[in-house]
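Please read the structure below before turning to the comments.
Reminder, nothing fancy here: chain letters follow the sequence lines and each chain counts from 1. Keep in mind that what you see is a predicted model, and the values were worked out from it rather than measured.
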Amino acid sequence: MIETYVKILSNTCITPGIFLLRFSSPGLAAEAKPGQFIMVRVNDGIDPCLRRPFSISGTEEEGVVRVLYKVVGKGTEILSNKRAGDRLSVLGPLGKGFDITDPGQHLFIVAGGIGIAPMFFLSQAVNKKAVTFLAGFRRSDEIMDPASVGIKQDISIATDDGSMGYHGRVTDLLEQEIIKQRDNAIAIYACGPLPMLKALSSISNKYRIPCKVSMETFMACGLGACQGCVVRSASALDQISYYHVCKDGPVFDINEIDWDNI
Amino acid sequence: MTINPDISVLLSSLELKNPVMTASGTFGYGKEFETLFDLNRLGAIVVKGISLKPMKGNPPPRIVETPAGMLNAIGLANIGIEGFLKDKLPWLNTLNTEVIVNIYGHSINEYGELASAFKGVKGVSAIEVNISCPNVDKGGLVFGKDPEMSGRVTETVVKNTDKPVIVKLTPNVSDITQLAKAVEQAGAHALSVINTLTGMAVDINTRRPRLGNISGGLSGPAIKPVALYMVYQTARAVKIPVIGIGGILNAHDALEFMIAGASAVQVGTANFINPRATIEIIEGIGNYCIEKGINKIKDIVGSLITARQG
Ligand SMILES: Cc1cc2nc3c(=O)[nH]c(=O)nc-3n(C[C@H](O)[C@H](O)[C@H](O)COP(=O)(O)OP(=O)(O)OC[C@H]3O[C@@H](n4cnc5c(N)ncnc54)[C@H](O)[C@@H]3O)c2cc1C
Ligand SMILES: Cc1cc2nc3c(=O)[nH]c(=O)nc-3n(C[C@H](O)[C@H](O)[C@H](O)COP(=O)(O)O)c2cc1C
Ligand code: FES
């Protein structure tokens with residue numbers, strides 16, 4: 001884990017409101033695992049002052065790191081105005097990523113919206129043949145095509161409004177696909193908005209399929225020092241306990257989280 | 001021209017190689033920052049507040065950013081004294097820097113027990129007593145806002161320890177000098193000024209508070225002018241050394257506090273923004289001394305020139 005100033009190679013809008021940032025950091029690129037994240041300082045001033053967490057969305061040869069982000073507020077707005085050649089302070093790689101050592105299972109990668117960012121890196125890192133990649137978006141104009149970020153991977157798309165691909169939620173599409181793959185050993189790795197993760201929790205339990213999810217919370221340090229980034233853990237006997245998303249996660253087994261009290 | 005200024009400071013009997021410490025709750029137990037810089041260069045590490053029993057802390061969200069700062073309602077989540085002594089202190093002791101333990105109790109007795117538990121413990125250089133955290137219902141708030149209770153906590157800790165006692169004051173009072181004097185009288189060896197300022201933030205779309213706990217403690221650059229004035233007032237009211245805390249981001253900020261009367265400083269929220277902030281501050285203080293021809297950093301403490309003094 002390092003803290004360093006990097007030089008931006010490119011920072012381009014790939015679909016309205018979504019940007020692909022590329023910077024050079026051989027140290028970070030070598031260490032990064034899918035599901036891990038970085039804390040980015042978007043400006044040298046004090047407003048905003050805290051760093052912003054972003055998943056690592058991929059690495060390229062010669063130490064290039066990719067971040068795919070959505071403009072949602074002040075920090076991401078400032079980031080979107082950066083140009084090639086600008087400097088940026090990044091801290092990472094942080095957290096525990098996805099376990100990609102188990103090749104025995106057919107892997108379902110499920111992404112919702114900008115949650116696709118870490119999943120591009122995941123699909124880049126795992127054996128392509130045994131993967132089904134499903135991604136849900138609200139509308140067709142929000143779709144992030146893997147080709148636009150330089151990844152060769154077939155994706156099945158679901159849109160809420162039916163403007164492209166499967167008409168409905170990506171978790172419904174997932175259920176159809178699970179039924180088709182019944183005879184195979186299956187695992188689900190996912191990242192997306194809370195309602196999607198909650199739906200996955202039911203699916204995972206219904207079909208008894210192991211499932212790992214990447215979580216998001218507000219973070220101040222990203223290092224396990226401030227204790228600010230907690231989620232309730234699923235524990236017996238109504239005992240309240242918490243996980244630190246930055247250190248214990250951001251990737252968790254879906255059964256580790258208390259989805260009713262999140 | 002001063003080539004090699006002496007930037008060491010003395011807080012009662014506690015000698016620090018430089019005046020820069022990490023503030024409690026913003027630097028974990030040190031190890032979290034291990035790979036980011038040489039921790040041995042720090043004046044001291046003040047660890048996360050420790051209670052007798054482990055505490056789980058408040059429901060999320062626990063933090064929210066506000067202009068030039070942040071609110072936190074961590075609720076003093078910590079691993080408890082046993083966990084600290086077993087899992088954290090041995091590693092901290094491998095470092096060549098002072099370790100200051102920040103303690104937090106729910107009753108005067110608990111403060112006493114905590115102080116006793118560190119009696120004779122090797123590698124703990126001083127005790128910092130948090131009587132001011134605004135986050136836990138039955139918490140330090142009660143003690144820290146009342147000069148008499150603050151004095152009693154201080155007395156109890158001093159009686160039960162063999163280490164220098166630093167008492168950390170809350171800014172959420174009408175006159176901080178009253179507290180400072182009461183705590184000094186009760187035997188404190190130094191004061192830490194300030195803890196966070198109580199505040200809140202509201203989400204106008206959901207009409208809910210942005211923090212699970214409703215209120216939280218404000219920290220970061222936004223509180224610096226308030227903290228600076230409180231340090232100035234406190235340093236003039238007491239004879240014991242004052243440690244300046246609040247929104248310090250760089251050497252310039254740290255020097256402001258020292259000129260206003262702080263014998264040393266603690267850096268909190270800045271560790272999140274720039275994990276190397278402490279090191280840059282130590283270097284900046286050294287450079288300032290060289291530039292200004294100051295031999296000893298001690299000479300600038302409380303060196304503020306006001307119109308009244310001419
Ligand atoms: C581990 C992790 C990985 C992430 N990876 C990515 C990624 O790859 N791409 C991406 O676009 N975003 C990612 N996010 C979310 C991203 O950090 C936030 O969108 C960003 O911090 C918002 O900053 P802002 O200043 O623009 O928004 P603000 O002005 O601070 O807030 C705008 C809105 O965004 C929400 N928001 C703010 N911070 C967070 C946060 N930390 N998590 C979730 N929502 C937040 C706020 O509630 C608010 O509704 C990740 C978050 C985490 C914790
Ligand atoms: C996330 C967080 C946790 C904190 N935890 C503690 C604590 O456990 N004990 C304590 O005495 N102060 C605690 N503080 C207060 C800081 O030590 C410091 O007094 C305050 O943040 C002001 O300094 P700053 O503006 O440099 O952050 C905490 C502050 C923050 C931001
Ligand atoms: S963000 Fe600070 S502990 Fe997780």
Side-chain angles (χ1 to χ4, degrees), chain A residues 1-5 27-28 31 38-53 73-76 89-95 194 215-233 235 238-247 257-258 261-262, chain B residues 22-37 47-49 54-79 135 210-212 216 219-222 224 247 249-250 253 268-277 279:
Chain A
M1 186 251 295
I2 52 169
E3 189 259 320
T4 177
Y5 270 96
L28 225 156
E31 223 187 296
I38 54 174
M39 295 289 282
V40 177
R41 191 174 177 191
V42 298
N43 62 348
D44 287 336
I46 54 171
D47 192 26
C49 63
L50 295 177
R51 287 169 182 264
R52 297 294 190 258
K74 205 186 281 180
T76 43
S89 167
V90 301
L91 172 66
L94 300 165
L194 202 53
M215 305 282 298
E216 288 187 8
T217 53
F218 291 109
M219 292 185 175
C221 70
L223 299 166
C226 75
Q227 318 231 37
C229 61
V230 293
V231 286
R232 273 276 286 271
S233 71
S235 52
D238 288 337
Q239 277 245 349
I240 295 177
S241 68
Y242 297 106
Y243 286 121
H244 296 98
V245 172
C246 73
K247 199 90 189 176
I257 308 295
D258 181 351
N261 289 296
I262 201 142
Chain B
T22 59
S24 179
T26 64
F27 208 67
Y29 301 98
K31 197 162 171 58
E32 294 85 346
F33 288 75
E34 185 187 13
T35 63
L36 296 171
F37 63 89
V47 298
K48 174 68 189 168
M55 284 180 56
K56 294 188 170 138
N58 286 329
R62 288 181 174 181
I63 48 176
V64 57
E65 184 167 344
T66 52
M70 63 180 281
L71 287 163
N72 89 80
I74 306 299
L76 288 157
N78 80 94
I79 56 173
N135 290 335
R210 300 284 301 262
L211 291 172
S219 66
K224 198 191 83 177
L249 277 187
N250 49 40
D253 296 338
T269 304
N271 295 311
F272 308 151
I273 303 166
N274 171 15
R276 290 174 39 84
I279 294 307

Practice prompt. Assess whether side chain to side chain contact (heavy atoms under 4.5 Å, CB included) is satisfied between L71(B) and R210(B), documenting all intermediate values.
Written response: CA-CA 9 Å; L71(B) 287 163; R210(B) 300 284 301 262; over 6 Å; no
Worksheet item: For the candidates G30(B), P59(B), A222(B), G57(B), which exhibits the highest count of non-hydrogen atom pairs separated by less than 4.5 Å from chain A?
Response: P59(B)
Practice prompt. For each of Y29(B), F27(B), F272(B), tally heavy-atom pairs with chain A at distances under 4.5 Å, and name the one with the top tally.
Written response: F272(B)
Work out which heavy atom in [X] is nearest to a heavy atom in [Y]; give both atom names and the distance.
X: I240(A); Y: K56(B); result: O-CD, 2.5 Å
X: A220(A); Y: M70(B); result: CB-CE, 4.0 Å
X: R51(A); Y: E3(A); result: NH2-OE2, 3.5 Å
X: G75(A); Y: R52(A); result: CA-NE, 4.1 Å

Against chain A, label [X] side chain, backbone, both or neither, depending on which of its atoms sit under 4.5 Å from a heavy atom there.
X: K48(B); answer: side chain
X: N274(B); answer: both
X: F37(B); answer: neither
X: I273(B); answer: both

Worksheet item: Between N78(B) and P54(B), is there a donor-acceptor pair closer than 3.5 Å when you use the side chain of the first and the backbone of the second?
Response: no
Go through the atoms of [X] and report whether side chain, backbone, both or neither lie under 4.5 Å from a heavy atom of chain B.
X: S241(A); value: both
X: M219(A); value: backbone
X: F218(A); value: both
X: I2(A); value: backbone
X: L91(A); value: side chain

Worksheet, complete the sentence: Interface check, chain B: of T217(A), L50(A), D47(A), I262(A), most non-hydrogen pairs under 4.5 Å belong to L50(A)
Worksheet item: What residues, two or more places apart in sequence or in another chain, satisfy side-chain hydrogen bond (donor to acceptor under 3.5 Å, both in side chains) together with T76(A)?
Response: none
Worksheet item: Regarding R276(B) and the six-membered ring of F33(B), is the cationic atom NZ or CZ under 6.0 Å from the ring centre and inside 45° of its axis?
Response: no
